[in-house]
Protein chains: 2
Amino acid sequence: MQPPYHRLEEFVPLTGSDEGLVRRFAASSRKIHRGHAIRREGDHVGGIFFLMEGWVASSMMLREGRRQIVKVHLPGDMLGMPSLSLSRAGETLEALTDVVVSVIPCPALGRMFIENPRLAVGLFLSTQKERVALMQSLSWIGAASALERLAAFLLDLHSRLNAAGLTRADGFDLPLTQQHLADLLGITPVHVNRTLKRLDQAGYVQRSRGRIVIADLAGLRAVAANAPPRFADHEAWTRLGSPSGNHIPDPRAG
Amino acid sequence: MQPPYHRLEEFVPLTGSDEGLVRRFAASSRKIHRGHAIRREGDHVGGIFFLMEGWVASSMMLREGRRQIVKVHLPGDMLGMPSLSLSRAGETLEALTDVVVSVIPCPALGRMFIENPRLAVGLFLSTQKERVALMQSLSWIGAASALERLAAFLLDLHSRLNAAGLTRADGFDLPLTQQHLADLLGITPVHVNRTLKRLDQAGYVQRSRGRIVIADLAGLRAVAANAPPRFADHEAWTRLGSPSGNHIPDPRAG
DNA sequence: CGCGTCTTTGAGTCGCTTCAATGTCTGTGG
DNA sequence: CCACAGACATTGAAGCGACTCAAAGACGCG
């Protein structure tokens with residue numbers, strides 16, 4: 001199966017040699033079973049992870065029991081990057097399904113900044129996009145009701161799954177328990193259940209054993225009532241002066 | 001006055017020529033008066049800003065009226081970076097006091113990735129640190145009470161002001177209205193007031209016309225009950241293989 | 001079939017919101 | 001020097017959304 005590179009080239013065009021570089025990391029891939037941790041808060045930071053298959057939740061613990069899921073990662077995402085700025089990992093990466101990740105060690109990252117500025121810029125912009133996503137989450141959780149948050153999450157998930165080519169018939173399998181959703185949305189599991197029920201009974205979604213079907217996309221958007229940000233794609237890269245990197249010509253120029 | 005470079009060299013040692021580069025941007029500085037916007041949601045993204053003096057709030061609008069303040073910036077911070085990944089600015093940058101910012105245009109950023117990988121790595125790690133801060137905020141707002149959030153914010157502010165050398169006698173001027181605090185913490189202005197009153201009457205802080213004094217640091221920490229993350233400083237840089245950039249020797253090696 | 005995990009539902013409570021009014025400060029002009 | 005306006009802070013009372021506690025139902029797995 002073709003590894004999910006759509007996130008890598010969303011801001012920067014990939015050359016053949018770029019792909020070769022990335023493919024080398026894919027060789028060092030690790031499998032982790034559902035429910036297990038890829039890395040825990042406080043663990044040593046040896047690198048970052050590229051998610052090849054499966055879903056991952058990255059979360060932070062608060063006092064006793066309370067935890068906040070910060071992001072649900074899909075195939076193609078880079079995991080554990082924020083912890084690069086910490087002396088010990090600040091987030092727990094939990095496999096929500098069986099997953100395959102490839103490891104990118106720290107020194108390889110450092111080398112990339114010198115040898116391949118193009119990819120470095122891509123990674124940099126990708127991180128900024130993640131920051132925007134975090135700011136969005138913060139806004140929802142800070143200023144929206146439980147119904148709005150849940151609707152917004154389902155919509156976000158749906159669009160990201162589409163981008164990765166992982167939806168079938170406007171529906172998708174949701175491998176999160178209601179406890180997970182609660183930790184993600186900042187509400188209790190009980191209230192997740194009631195809120196899901198409301199969305200279901202109002203005809204916006206249909207649920208059947210872990211599978212979600214968006215029955216009324218426009219209606220759901222009206223509930224969430226937030227315009228998703230428009231990303232810049234390669235436009236951002238050209239805005240930065242298209243730093244081509246190690247003298248490889250821009251493949252888009254020809 | 002010495003420009004606040006402490007955030008620039010927190011992860012990467014600055015060489016003399018680095019400082020020269022940065023100082024050139026300082027020349028193109030702009031003054032903005034309190035209450036005015038540096039950049040609005042939807043504006044053209046021409047670059048990023050380096051905050052020389054004053055406080056800035058970056059916020060996102062939700063539906064009519066509701067807004068979420070995502071971060072309060074202090075001197076030394078870089079502003080508006082997330083919007084690099086968007087075709088139009090996704091955040092509003094509002095001056096909370098009279099401020100001075102210098103502009104770093106997009107092409108200059110792109111050039112830096114080629115000509116000065118060292119600074120690029122520093123900026124990259126700095127962005128990861130901001131991401132961790134965002135994840136922290138998300139956790140507080142999602143899983144903590146109003147009292148805990150407020151305590152955590154005041155503590156965070158206090159420690160960042162200390163790092164910038166901007167506190168006097170364990171106190172600081174807080175140029176935020178209670179409306180600002182409300183938009184930041186995700187509660188109503190009315191409840192901000194009641195919560196501040198509780199912190200005051202319990203002896204944790206003292207308030208007097210916009211000035212905050214931390215009266216009981218340990219007590220306030222116990223209320224917030226969150227361990228701040230330990231950042232990696234130059235450790236992260238060495239972990240990445242210390243990419244020195246354009247053949248300038250590592251000043252820390254000698 | 002039986003066990004554990006997850007989901008669903010009900011009833012009572014609490015934190016925060018909403019609405020509304022009063023109090024306080026600051027700057028401005030007469 | 002005082003009167004006034006506007007913005008901000010403070011306080012009260014009532015209501016609602018989400019929480020807590022608790023129990024029963026459904027599913028998946030050995």
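Letters go in sequence order (proteins before strands), and every chain restarts at 1.
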Given C/dT18, C/dT7, C/dC16, identify the nucleotide with an atom nearest to the side chain of B/Val190.
C/dT18

Counting heavy atoms from C-beta on, name the nucleotide in D/dT20, C/dT18, D/dA9 closest to the side chain of A/Thr188.
D/dT20

OP1 or OP2 of D/dT10 under 4.0 Å from side-chain N/O of B/Gln178:
yes

Whole-Å distance separating the CG atom of B/Leu181 from the P atom of D/dC8:
13 Å

Does B/Arg209 reach a base, just sugar-phosphate, or nothing at all? Heavy atoms under 4.0 Å.
sugar-phosphate

If you check every side-chain atom of A/Ile187, which of C/dC19, D/dA18, D/dC21 has the closest atom?
D/dA18

Please work out if A/Arg149 contacts a base, only the sugar-phosphate, or nothing of the nucleic acid, heavy-atom cut-off 4.0 Å.
nothing

B/Ile141 CD1 - C/dC16 P separation (whole Å):
13 Å

Please report the distance, rounded to the nearest Å, between CD in A/Gln179 and P in C/dT8.
14 Å

Please determine if a side-chain N or O atom of A/Arg207 lies less than 4.0 Å away from the OP1 or OP2 oxygen of C/dT8.
yes

Picking from D/dA9, C/dC16, C/dT7, which would you name as closest to the side chain of B/Ala146?
C/dC16

Side-chain H-bond candidate by donor/acceptor type, B/Glu94 with B/Ser59, under 3.5 Å
no

Rounded to whole Å, CG of B/Leu185 lies from P of C/dG15 at a distance of 18 Å

Could you tell me the separation between the CG atom of A/Leu96 and the C1' atom of C/dC6, rounded to a whole number of Å?
15 Å

If I compare all heavy atoms of A/Ala133 with all of A/Lys71, which pair ends up nearest, and what's the gap?
CB-NZ, 4.3 Å

Using a cut-off of less than 4.0 Å, is there contact between a side-chain N or O of A/Asn193 and OP1 or OP2 of C/dT7?
no

Output the rounded distance in Å from CD (B/Gln201) to P (D/dT10).
11 Å

Can you measure B/Arg66 atom CZ to C/dT17 atom P for me and round it to whole angstrom units?
8 Å

Out of D/dC19, C/dC6, D/dA9, which nucleotide sits closest to the side chain of A/His191?
D/dC19

Do B/Arg194 and C/dT18 share a donor-acceptor pair, side chain to base, under 3.5 Å?
yes

Have A/Thr188 and A/His191 got a donor and an acceptor in their side chains that come within less than 3.5 Å?
no

Under-4.0 Å side-chain N/O to phosphate OP1/OP2 contact, A/Lys197 with C/dT9
yes

Taking atom P of D/dA7 as reference, at what distance in whole Å does atom CZ of B/Arg34 sit?
12 Å

Donor-acceptor check, side chain of A/Ser83 to backbone of A/Gly90, threshold 3.5 angstrom: yes or no?
yes

Rounding to 0.5 Å, atoms CZ (A/Arg67) and CG (A/Asp183) come to a distance of 4.5 Å

